[in-house]
Every structure is written in C-alpha cells, then in structure tokens.
There are 2 protein chains.
Amino acid sequence: MSASQNIKVAVDAVVFGYTSKEGLSVLLIKRKIKPYKDSWALPGGLVGDDESLEDAIQRELKEETSISFNYLEQLYSFGKPGRDPRNRVISITYYGLVKPDAFEIKADTDASDAAWFNIKNLPPLAFDHDQIVNAAHDRLKSKMLYQPVGFELLEEKFPFSELEKLYMAVLDRPIDRRNFKKKIVKFGFLEETNEKQALDGAGRPGNLFRFNEEKYYLLQKQGISFEI
Amino acid sequence: MSASQNIKVAVDAVVFGYTSKEGLSVLLIKRKIKPYKDSWALPGGLVGDDESLEDAIQRELKEETSISFNYLEQLYSFGKPGRDPRNRVISITYYGLVKPDAFEIKADTDASDAAWFNIKNLPPLAFDHDQIVNAAHDRLKSKMLYQPVGFELLEEKFPFSELEKLYMAVLDRPIDRRNFKKKIVKFGFLEETNEKQALDGAGRPGNLFRFNEEKYYLLQKQGISFEI
DNA sequence: CTGCATATATCTTCATAACATCTATATTAA
DNA sequence: TTAATATAGATGTTATGAAGATATATGCAG
C-alpha cells in the first residue's frame, strides 16, 4: 500500500422530507465557498480519517443544517474523474428520511443557507448532485414496493389519506385509495386509533392511523411484496 | 478542500461464475503480500487518480486474474475504520458475472494464485471480504426476482434445466420446474432452438434454449416481476 | 423384448392478488 | 334542503401463483 494516490473521499446526503402541504421535498444547502459558490447543493463533506462513513454523514448534516436523521441508507458511490473541478473526489452518497416539521433547519459552517425544495421544483444543483438526487428518488420509489415506508416521514397519527398521498407524491402517479388501503392494511403494520381527523372544510372525517413500530421494522427487514 | 485526509480508495470485485458441474462460484486470489499474505481474498486494488471506478476494477481484474467481464454492477462501499490494518481504506465494491469456462484464469501482479470456489465452500477470507461476498450474494438473489439473469453465466445454448439449476444454486432453494418455466417463457427473453440436448444417461432430451439478447437487455432495463 | 428409472413437456385446478368500480356514510357549505 | 367532498366498505373480473396430474422420450437392466 505504498502507492501514491491523490483522491479525496466525501459523503453526501439526499435528505427527503414529506409534508402534506409541500409534498416530497429534498433538503439543500447553499454553498458558501467555491466552486459553485452560492449554488444549491446536497449537504455533505469530507470523511474524517477516524470516523465511519455513517458518522461522517451524520456529522456533516448536523454541522451544515442542524438536522439529524435516523433513517439512513447508503445509495451509491459516484467517482467519475472530473466531477469536482478542484481535485479528484469520490463521493459516497446516502439518502435519509425525516419529518421536516420536527426540525428547525439552520445553515452553518460550509452552508450559507439551508432549505427544503419540492422534488419537482429543484434549483440547478452543484457538481453532479442532480444525478444523485435522481438516483435517490429512484431508490425510494423502488423501495416503496418491497418495504413499508412512512414511519419516518409522517406524523405519529395520520389519516390514511396521508399515507396514500405520500405514495402518490413519491411514485408520481395516481393510486386507487380503496385497493391501496386494503393491501396496506393486510400487511398489519398499521393500526387504527380511536380518533378521527379534523378536516378543513367538507368531507367525512376519517380515522387516524399509526404505525405499529415493531411490525413495521420487522416487515422492513423481511420485505413485503405488492403492486401499486 | 484544503482539509487533510489520509484515506485510500480501493475497488474490490465479487466475480460470480456458474457451471452446471460446480454450481455457483466466486473467483478469489491468494495474496502475495502482507497483510493476510497467502490468504484468499477478492481481487481488487487502489483506484488510480485519473481512472473511473469501473476502469479501476476492470484493470485490477485483468492484472490479477486475467479475467475481463462485461456485467459489472456497483455493490456497496465498505468504509469501517480499521478494516485494513495498515491504514484507512475505503473499498467500493462491485460484483460481476462471467462464464468460468470462457477464461483461463491466471494469477499475476499482487496475486500468487487465482481460483474458483463454490460459494458454499469458501475458505476464510482476508479483511472484511466475507461480508462483501455475502452482500453480493444477497444482491444477486434479489436481482433474480426483478431482472433476467443468466445471459452472462450460461452457455450460448442450454437446456431449460440449466437455467433452473442456476436459479436454484443462487437462491439455494428448490424451484418447481413447471411453474418456473411457464413464468420465464412468458417474459419472452428466451428462445427455443431446433436442437436437443445430449444427455449422459437416461432421460428425455430437452430442447436447447438461448437468450434473445435484445429482449433480455430491454427487460433488464425495465425490470420484470415474478415470484419464485 | 419388457419394465423401470429418469428427465422433459404439457396441462389443469384451486387459491390469491391485482384491477376496476359501485354503493353507502359523514361532514361542511350554500 | 341539496350539493360537494372525503372516507368506508364491498363486489366482480382478470391475472398470477402454487400444487399437482398426465404424457412422452430416452437409457439401462434383465
């Protein structure tokens, strides 16, 4: 291992958030330094010599946006020569899921600003970060077909229509609520509470649901299978 | 990007091969140098400053085993501190599929030997390479449920039972041949030839099949869905 | 030659999932 | 009161999955 190498290793994160009002969003930071100064980019940075990749990304998120998240999955490593104009950087990317309302995001260190952007309305991104966002979105779409999704994105109690809207927002296509509900309920990771939602305006108020955390994580591990 | 970082980036490959006689195999090299001198390990090595990750892994494969493969997919990045006793190394891993009989493997450069090992009978591996192999095997298993697999592993013409045996070897469980055949044939990426297999011993000789390359790659891109 | 073992080919039936859509109910607003 | 809206529940048709029966083509042994 005496060979000389001049490559830096970075981690970057695609942080997805969901609210009923805003839909599916991605957390971006505005860069404070060159290159791409003042451009929006994914939060991230160099890996420390003694920290794991996961620790590195959690640290960078905390530093740049003051967010921490507990759903974190490695996405892909982007290593094309020239992706960073300064020197060779290989970026190991992750995606995570959070409830936006649970955090007050605050830009710091390398970031002059931090904000949520609806995934259908992203600004031009620095580096190859648009590709990374696309890859993460594709991953999340696929994941929804073989694992329960929603625990980290929805409120503790929510009407079933919120889960439905989440799926439609991510998959970007309509879903039949009646069939979808029957399928989801059959898996058993969702429980009905005794409460009803409070609606603005007309409409029958629906029951509030919550995830059965134990069953949710069990099925996340085992996998599920259904078509939408 | 003035921060100092003392991390090396390596690529490593899990090369799967399949033959009817040996089953599913993994290509390993015997290390020539410390650490883990004389231990079996996955082929790989450091990324060059100016080469892509894919080029790096292809080069290392060629150098260490004289194999080249055209099915290559990034698996995962392993970056736990301490995984290499010398210094900090992050390894970006790939897996690939080849026909073992199409190559005469020959160890060279960092490798004193190169050989195929049945996946159920692997020797102790250097570093965290056993985890990498497991991850690759899990990936290949999953992949078989949503993409056609076989083109890079089977002979140009083969009896249907070979495809069946391939799936059973990878998934490590029995498959009902009749149902499996019906499902696979329905996708359309398999063509029947006018030839029959030559059997050793008794048994009705079956027709030889071959992949329709165009349809195979189309469906690999689009995805398929079936249960086994 | 017959019988047996073996491997392949074809088909059927029952169970389950997917897809499409109808009807009923509870709420607000006009 | 009617109309609009959102939720709840159910049904029917089609497609897929799982299990298994039957038929056919080969080699081998007696």
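Every chain is numbered from 1, with letters handed out A, B, ... down the list of sequences. Just so we're clear, the structure is a prediction, and the values are computed from it rather than from any experiment.
Counting to the nearest Å, the C1' atom of C/dA20 and the CZ atom of A/Arg178 are 8 Å from each other. Between the CD atom of A/Glu164 and the C1' atom of D/dT5 there is a distance of 14 Å, rounded to whole Å. Residue A/Phe158 contributes atom CZ, which lies 15 Å from atom C1' of D/dT7 at whole-angstrom precision. Distance A/Arg204 CZ to C/dA29 P: 18 Å, rounded to the nearest Å. Atoms CD (B/Glu227) and P (C/dA18) sit 8 Å apart, rounded to a whole Å. Between A/Arg177 atom CZ and C/dA24 atom C1' the separation is 14 Å, expressed in whole Å. Atom pair B/Ile184:CD1 and D/dA18:C1' shows a separation of 16 Å (rounding to whole Å applied). As a whole-Å value, the separation of B/Gln197 CD from D/dT24 P is 19 Å.
In this structure, B/Asn179 and B/Gly206 both approach DNA chain C, and ranking their closest nucleotides by distance from the 5' end singles out B/Gly206. Mapping B/Ser225 and A/Leu199 onto DNA chain D via the closest heavy atom, the residue that lands nearer the 5' end is A/Leu199. Heavy-atom distances to DNA chain C give each of B/Lys182 and A/Ile228 a nearest nucleotide, and the one nearer the 5′ end belongs to B/Lys182. In terms of position on DNA chain D, the residue among A/Glu192 and A/Gly203 whose nearest nucleotide sits closer to the 5' end is A/Gly203.
The base of C/dA9 does not come close enough to the side chain of B/Asn207 for any donor and acceptor atom to sit less than 3.5 Å apart.
Outside the 6.0 Å centre-distance limit, the rings of A/Phe78 and A/Phe127 are not counted as a close aromatic pair. Aromatic ring centres of A/Tyr71 and A/Phe16 lie farther apart than the 6.0 Å criterion allows.
Listed pair A/Lys181 / D/dT7 fails the phosphate criterion, with no side-chain N or O lying under 4.0 Å from OP1 or OP2. Distances shorter than 4.0 Å separate some side-chain N or O of A/Ser161 from OP1 or OP2 on D/dT7. Phosphate contact (OP1/OP2 of C/dT27, side-chain N/O of A/Lys196, threshold under 4.0 Å): absent.
Nucleic acid contact for A/Phe226: sugar-phosphate only, since backbone atoms but no base atoms lie under 4.0 Å from a heavy atom of the residue.
Between A/Asp101 and A/Lys99 there is no salt bridge, since none of the side-chain N atoms of the basic residue sits less than 4.0 Å from a carboxylate O of the acidic one.
Between the CD1 atom of A/Ile57 and the OG1 atom of A/Thr93 there is a distance of 9.0 Å, given to the nearest 0.5 Å. With rounding to the nearest 0.5 angstrom, the CD1 atom of B/Ile184 is 12.0 Å from the CG atom of B/Asn179.
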